[in-house]
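Within every chain, numbering begins at 1; the chains are lettered A, B, ... in the order of the sequence lines, protein sequences first and strands thereafter.
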Amino acid sequence: METVTLSSAHDKPRLDETLLSFARTHQLPPRAVQAIDLALEEHLTNVFNYGFEPGGHPQVVVRIDQDPDGLTVEISDNGKPFNPLEHPEPDVNLPLVQRPIGGLGIHLIRKSVDQLAYRHEAGRNILTLCKRLAN
Amino acid sequence: MDIKKIVTGNTHELLVAGRIDGPGANQLEEEILASIRNGGQNVYVNLSQASFLCSAGLRVLLQYWRQMKQKQGLLQATSPTPEIDAVLTTSGFRDMLVEKR
């Protein structure tokens, strides 16, 4: 298991490097790594952009692990309580001229991973992503 | 992320190499805006060397696709890699794709 702590979006390259290193060590299929990479980017963007008041002190912890089922990533943050699973799905069938700008981040997270779970515990939002490694 | 621009008359092709993440999307937006300011009527965002595209990048593409359409211009994404193509399809943005000219 690898653990990375982030206090701002500027720490993201360190997380990217940790994910890549974990993937190389465990010989993970690129498809799974790309999916988790995208889900992490989307979720962390939301956490840092919307999860804290100005002057807040983000503490985001990302844990990356592998088990027989697949790749599991847990992201916990000390931001405002927010359950992304309750966010409504966008209508991706609307013509482009009618599509709202924005709102796709959580949709891409949902479509990238095989399992998604949220809980709020001890003052922290905890989102768990699972991506199966076998087709 | 690196963006090379090829200008032919009022057609601007932006060759994007690397990750279109949050900062990358800001950079892409700046280049699209520069093309518009410099008279670009047809703007093609070539994604053949882009390794990653997230919703921030999608937002930039949609915003300026719409703006160009309103001005009777054109913005299209072209030649996506399979990974990027999957993101464009999942988000319903496939309409924006054209065949590589």
Just by distance, with hydrogens left out, do [X] and [Y] show a side-chain donor and acceptor under 3.5 Å apart?
| X | Y | answer |
| --- | --- | --- |
| B:Tyr64 | B:Glu29 | yes |
| B:Glu13 | B:Asn46 | yes |
| B:Thr81 | B:Asp85 | no |
| A:Arg124 | A:Ser76 | yes |
| A:Glu42 | B:Ser55 | yes |

If you measure from CD1 on A:Ile106 to CG on A:Leu108, what distance do you get to the nearest 0.5 Å?
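Nearest 0.5 Å value for the CD1-CG distance: 10.5 Å.
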Portion of [X] that has a non-hydrogen atom of chain B nearer than 4.5 angstrom:
| X | result |
| --- | --- |
| A:Leu38 | both |
| A:Glu89 | neither |
| A:Asp37 | both |
| A:Asp16 | side chain |

Where on B:Glu83 is there a heavy atom nearer than 4.5 Å to chain A: the side chain, the backbone, both, or neither?
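Side chain of B:Glu83 only, per the 4.5 Å heavy-atom cut-off to chain A.
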Tell me, out of A:Lys12, A:Lys111, A:Glu41, who's got the most heavy-atom pairs with chain B below 4.5 Å.
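Result: the option with the highest number of such pairs is A:Glu41.
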Chain A: which of B:Arg19, B:Lys69, B:Gln63 shares the most heavy-atom pairs with it under 4.5 Å?
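Of the candidates given, the most pairs with chain A belong to B:Arg19.
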